[in-house]
**Q** 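This is the structure, below, for whatever I ask next.
Order of the sequence lines sets the chain letters (A, B, ...), proteins ahead of strands, with each chain counted from 1.
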Amino acid sequence: MPEKFLKPYDPAATESRIYAAWEESGFFNPDECVNKGVTRADAPAYSIALPPPNVTGRLHMGHALMLAVEDIFIRYKRMRGFRTIWMPGTDHAAIATQSVVEKQIKKEEGKSRHDLGREELLKRIEAFAAESHATIVYQLKAMGASLDWSREAFTLDETRSRAVRAVFKRMYDAGLIYRGNRIVNWDPKGQTTISDDEIVYEERAAKLYTFRYSKDFPISIATTRPETKVGDVAVAVHPDDSRYEKFVGKEYDAIFCDVPIHIKIVADKEVDPDFGTGAVGLTPAHSHTDWDIADRHGLSHEVIVINEYARMAVTGRLADKKTVEAREAVVKWLGDEGLLEKEEDITQNVATAERTGGIIEPLPKLQWWVEVNKEIPGRGKTLKELMIEPVRSGAIKIIPDYFEKTYFHWIENLRDWCISRQIWYGHRIPVWYRGEEITVGVEPAEDGWIQDEDTLDTWFSSGLWTFSTLGWPDDTDDYKNYHPTDLLETGYDILFFWVARMILMTEFALGDIPFKTVYLHGLVRDAGGRKMSKSLGNNLDPLIMSEKFGADSARMALVVGSTPGTDMRISEDKIKGYKHFANKLWNIARFVLASASEQKNGDRTWASAPERAHFSAYECERLDKLDELTKEITTDIDEFRIYLAAEKIYHYVWHEFADKIIEESKSTLSGNDASARVSRARLLLLILDRVLRLLHPFMPFVTEEIYQSMPTKDTEFLMVAKWPSSAE
RNA sequence: GCGCUCUUAGCUCAGUUGGUUAGAGCGUACGCUUCACACGCGUAAGGUCGCAGGUUCGAUCCCUGCAGAGCGCACCA
C-alpha cells in the first residue's frame, strides 16, 4: 500500500497535480482518445458546448453548478466509450463588459468613454477581457472540468465573427433583418438601446396625477409622468365609454406648460375605462403602448420631447430639465393654473436596464431589428414558428418539462428583436453605407463606404454558439461530427435570453436543432435562501471553496439532491460534509488496499475479475446487490437524474460498503481460513474498483488518485476507464 | 390580467410512471481515543407528507377546490 494513504486525504495537494496529468494525457480531446486507442473511431459522438462565461470577472457558484453537471455527463459518456467533446469558450458579453470597464475608468480616472474614444476604450476593454479570461480558465480547470482546450472559442474571435457576419447577411437577404425607426428601450445611463429581455421591472412608489391640459379642455386625464404630456398628440378613450362618446373625433389646441399642443380625441379598445379617469393622454414617442395606439389612428410619432440624456427637448420653462425635475415643474404649474384635480399614491413597475440600472426612457430611434412574425421566403414559416416547432415535436426536450409551457408562453408574447446597440465593444454591424447605397455582410473594396457605427446585441453571437464553436460557416469535420449537440445545460433564468435565441438562430441558419436536450438547473442561493450577490456579501467563491474542501466536495454539494429547475441552497457546512466523504473513501481505500496486499500471496492475476464460483454465497450476494446499484445509477444518469445517482453512490459507499461489508469482513480477514481471506480481500477490491468508476464523474479527483494505486487498474487513467456494466 | 412552480422530520431537500414499518444530509441528545477513518463509530428522539373533498381495494404521489410562499410574461396611461 502506498504511503500516501497513511495521511488523511489532501485535496489541495492532489487536485492540481491530477488535472495537469489529465491535460498532459490529451484525453480531453476525442481525437486523442481515438489515436491512443481508448475510444473506437466509429464510436457514437456526444457533445456539449459550454455556456460561455462572460469575461466580466470571476466565476460564481452558479457556474460551479453548471460545470459540475456538464462534467458529470461528459465523464460518464467518455467512460461509456463515446467520442466525447466538451467545447470551452468565453463570451465577450458586450454591454456587461463595457459597462464594467467604463465604471472602472470613471472611478479611477474620472473619464468617460467619449474622453477616450472608440479605439482606446476598446483597447482597455480587451485588456480587461484578457485578464478575466485567464482567471476564468484557471477556475474552470480548478473545478475539474474535462474541457477540450484545443477547441477553445471566444464569441468575438475571428471564426465566430465570420459566423456572425454570415448569419446576419442571410437574415438580411431573407428580409428578416430590417432597419426601422421605431420606439426602442433607451437606457440613458448606458447610452444604448436594449432588448425587451434586458429590462428588469422594479416596483416603486409613484404618484398618479389627475388634471386637464387647459381650463376649456373637456376631459381629465391621469398620468404618473406629467412631464411627458408636453408630447401628447391625442387622448384615447374606450369606444363604449358613454361619458366621452360625444368628444371622439374632436380636436383641441392648448398651451401646456409653455408648449403648444394639439390634441385629438380617439376611441381605442386598449383603454381601460376603469383606470384613472378612463381617458389616456397619448405620447406616441415616449410610450410603447401609445406608439401602437397612435399607429392605429394615423397619429404622428414625431413629437419628441425627451432626448437621449433623459432631458426635456422643449422650449419654455421645462427646457433641458431632467425628467424628474420637469415632473415637479409641471405639477407646480398645474397647481398654479388650477388644473390639477387629484394626486394619489400608487405603486408602479419602473422599467430599468438590467446591466446599468438606468431607468428606461422609450424613444423613437433608427435601429436594426429581427422580424419574428414574417414568413421566411422558401420556408413558409415565421421565426416564431421555427422556435416553437422543435420543442412541440419533441426534437428538443426541455428538463424539467414544465418549462416547455413557460417557453411557449414567452414566444407567444414575443415582439421584434432589436439587435443594434450603441456601444463599442462587440460585433460591429456588418453593414456599409455610401450615400443611398447599402452593402451587407462583407466590406466593399472601393472607397467611400462607411460602416454602421453600432454593434450587435451580444445574444446574436451567442445564439450561434453550438455551431460557431465547431467552425461553421466552414465545412468542418467537427461540425459534421458533433452537431447538433447532445446537451445544453444552463440556468432557467436564461431560457429566453439564450436558449430561445439559439433555437431561433440554428433553425434559421441550418434548418436544424442546436441540441437535443436542454437541462435547466436552478439558481444557487445562500444558506438563508437569498440570491448570492456582491452587495449582500454572501457570495461563496467556488475557487476558495475548492481550495478549502476540494473541488470534488463542492461538486457533490452542488449536485446531490438538487433537482433541475429548482433553486438550491449551498453553505460551507454542506461542502464540508462531502470533504468528509472524500476522506471516508480515502480510508476505505487504505483499508482495502492494506487487506489486499496482505492476502496477495504473489499471485499476479488475482486482482482481475474472478468467476462468481470463487466467491462464497455471502460474497455473491454482495456482488449481486452491487450489480443492481450499477444498473440503477446508469439508468438514473441516462435519464438525467444525476441528483439521485450521486446520492445513491454516496449512500452505498458509506452505509453499505464501509458500515456493513467492510465491518462484516473484519473477522474473516483476520481469521484462520486462508482461502476465505483471499476471497474476501478480492471482493473488497472489486467493490472498491466498481465504486471508483461509478463515482468518478461526480468526484473525479479523489477517485482518480485512488485508482492510480489500484491493482485492478486497466487503463492509464480512470477518466478513460470503462464504465461498469452489471452484465459482466 | 395570462401562465408556471412549491407546501414532506428543528433546518435544507429527495421520494424514479399509486402498493407492505415515508428517506437523506445537517442539526439535536447520550455513549465511545474499538488495531481503515474523531474528516470517525454506536444508540436515540423527531413527520396525522398545507387544508377540505373526490377517484381507487389502496394516495405523499392522480383529479377538484381552498389557503400560504415563490417565479415568469404582459400591463401599469
**Q** Is A:Arg392 close enough and on-axis enough to A:Phe408, meaning under 6.0 Å and within 45°, for cation-pi?
**A** yes
**Q** Mind calculating the distance between CG (A:Leu585) and P (B:A36) to the nearest angstrom?
**A** 17 Å
**Q** Can you tell me if A:Glu15 uses its side chain to pair, donor with acceptor, with the backbone of A:Ala551 under 3.5 Å?
**A** yes
**Q** Check the distance between B:C2's P and A:Ile411's CD1 and give it to me in whole angstrom.
**A** 21 Å
**Q** Which whole-number value in Å describes the distance from A:Met568 CE to B:C71 C1'?
**A** 18 Å
**Q** Which value, in whole Å, describes the distance between the P atoms of nucleotides B:C6 and B:G50?
**A** 12 Å
**Q** Rounding to a whole Å, what distance do you find between A:Glu202:CD and B:C71:P?
**A** 14 Å
**Q** With P as the reference atom in both, quote the distance from B:C4 to B:U12 in angstrom, rounded to an integer.
**A** 26 Å
**Q** From the list B:C39, B:C37, B:G42, which nucleotide is the closest neighbour of the side chain of A:Glu663?
**A** B:C37
**Q** Both distances under 3.5 Å, Watson-Crick or G-U wobble: report the partner of B:A14, or none.
**A** none
**Q** Would you mind telling me which of A:Val200, A:Val350, A:Ile199 makes a side chain to side chain contact (heavy atoms under 4.5 Å, CB included) with A:Ile360?
**A** A:Ile199
**Q** Does A:Arg415 qualify as a cation-pi partner of A:Trp369, given the criterion of NZ or CZ under 6.0 Å from the six-membered ring centre and within 45 degrees of its axis?
**A** no
**Q** What distance, rounded to whole Å, do you find between the two P atoms, one in B:U60 and one in B:C35?
**A** 46 Å
**Q** Determine which nucleotide pairs with B:G27, using a 3.5 Å limit on both distances of a Watson-Crick or G-U wobble pair.
**A** none
**Q** Could you check whether any side-chain N or O of A:Lys4 sits under 3.5 Å from a backbone N or O of A:Glu705, counting only pairs where one atom can act as donor and the other as acceptor?
**A** yes
**Q** Using the C1' atom as the point on both nucleotides, what is the distance between B:G31 and B:A45, in whole Å?
**A** 15 Å
**Q** Rounded to whole angstrom units, what separation is found between the CG atom of A:Asn587 and the P atom of B:G40?
**A** 9 Å
**Q** Indicate whether the side chain of A:His238 and that of A:Asp268 have a donor and an acceptor atom separated by less than 3.5 Å.
**A** no
**Q** Across all strands shown, which nucleotide pairs with B:U7 by Watson-Crick or G-U wobble geometry, both distances under 3.5 Å?
**A** B:A67
**Q** P atom, B:A38 versus B:A22: distance in rounded Å?
**A** 35 Å
**Q** Any strand is fair game: report the nucleotide pairing with B:G58 by Watson-Crick or G-U wobble, both distances under 3.5 Å, or none.
**A** none
**Q** Give none if B:G40 has no partner; otherwise give the nucleotide forming a Watson-Crick or G-U wobble pair with it, both distances under 3.5 Å.
**A** B:C32
**Q** Quick check for you: to the nearest 0.5 Å, what is the distance between A:Asp689 atom CG and A:Thr712 atom OG1?
**A** 3.5 Å
**Q** Which whole number of Å gives the distance between the P atom of B:C63 and that of B:G19?
**A** 15 Å
**Q** Using purine N1 to pyrimidine N3 plus N6-O4 or O6-N4 for Watson-Crick, or N1-O2 and O6-N3 for G-U wobble, each under 3.5 Å, what pairs with B:G47?
**A** none
**Q** Does a side chain donor of either A:Thr630 or A:Arg690 reach within less than 3.5 Å of an acceptor in the other side chain?
**A** yes
**Q** Is the phosphate of B:U34, meaning OP1 or OP2, less than 4.0 Å from a side-chain N or O of A:Lys666?
**A** no
**Q** Please check if the side chain of A:Asp290 supplies one atom and the backbone of A:His286 the other of a donor-acceptor pair under 3.5 Å.
**A** no
**Q** Where the side chain of A:Arg243 meets the backbone of A:Pro273, is there a donor-acceptor pair that is under 3.5 Å apart?
**A** yes
**Q** Take atom NZ in A:Lys384; do more than 12 heavy atoms of anything else shown fall under 6.0 Å from it?
**A** yes
**Q** Could you measure between the two C1' atoms, the one in B:U21 and the one in B:G25, and give it in whole Å?
**A** 22 Å
**Q** Return the 5'-most residue of the pair A:Ile662, A:Tyr9 with respect to RNA chain B, ranking by each residue's nearest nucleotide.
**A** A:Ile662
**Q** May I have the distance from A:Phe657 (atom CZ) to B:A36 (atom C1'), rounded to whole angstrom?
**A** 11 Å
**Q** Taking protein heavy atoms under 4.0 Å as touching, what does nucleotides 14-32 of chain B look like 5' to 3' if B marks base contact, S marks sugar-phosphate-only contact and - marks none?
**A** SSB--------S-------
**Q** Return the nucleotide paired to B:A22: Watson-Crick means purine N1 to pyrimidine N3 with N6-O4 or O6-N4, wobble means G-U with N1-O2 and O6-N3, both under 3.5 Å.
**A** none
**Q** So if I define the base as every atom that isn't primed, P, OP1 or OP2, how would nucleotides 72-77 of chain B read as a B/S/- string at a heavy-atom cutoff under 4.0 Å?
**A** BB-BBB
**Q** Rounded to whole angstroms, how far apart are CD1 on A:Ile570 and P on B:C13?
**A** 12 Å
**Q** Reckon A:Lys405 touches a base, only the sugar-phosphate, or nothing at all at heavy-atom distances under 4.0 Å?
**A** sugar-phosphate
**Q** Indicate whether the side chain of A:Tyr9 and that of A:Asn587 have a donor and an acceptor atom separated by less than 3.5 Å.
**A** no
**Q** Treating primed atoms plus P, OP1 and OP2 as sugar-phosphate and everything else as base, which nucleotides of nucleotides 6-11 of chain B get B, S or - for protein heavy atoms under 4.0 Å?
**A** ------
**Q** Pick out which of A:Trp410, A:Tyr407, A:Phe403, A:Trp459 makes a ring-ring contact (aromatic ring centres under 6.0 Å, His included) with A:Phe496.
**A** A:Trp410
**Q** Grab the CZ-P distance between A:Phe403 and B:G70 for me, whole Å please.
**A** 17 Å
**Q** Could you tell me which nucleotide pairs with B:G1 by Watson-Crick or G-U wobble geometry, both distances under 3.5 Å, or answer none if nothing does?
**A** B:C73
**Q** If you look at every strand shown and take non-hydrogen atoms under 4.0 Å, does A:Glu572 touch a base, only sugar-phosphate, or nothing?
**A** nothing
**Q** Can you confirm whether A:Lys574 is buried at NZ, in the sense that more than 12 heavy atoms of other residues, nucleotides or ligands lie under 6.0 Å from that atom?
**A** yes
**Q** Taking atom C1' in both B:G18 and B:G27, what distance in whole Å separates the two?
**A** 33 Å
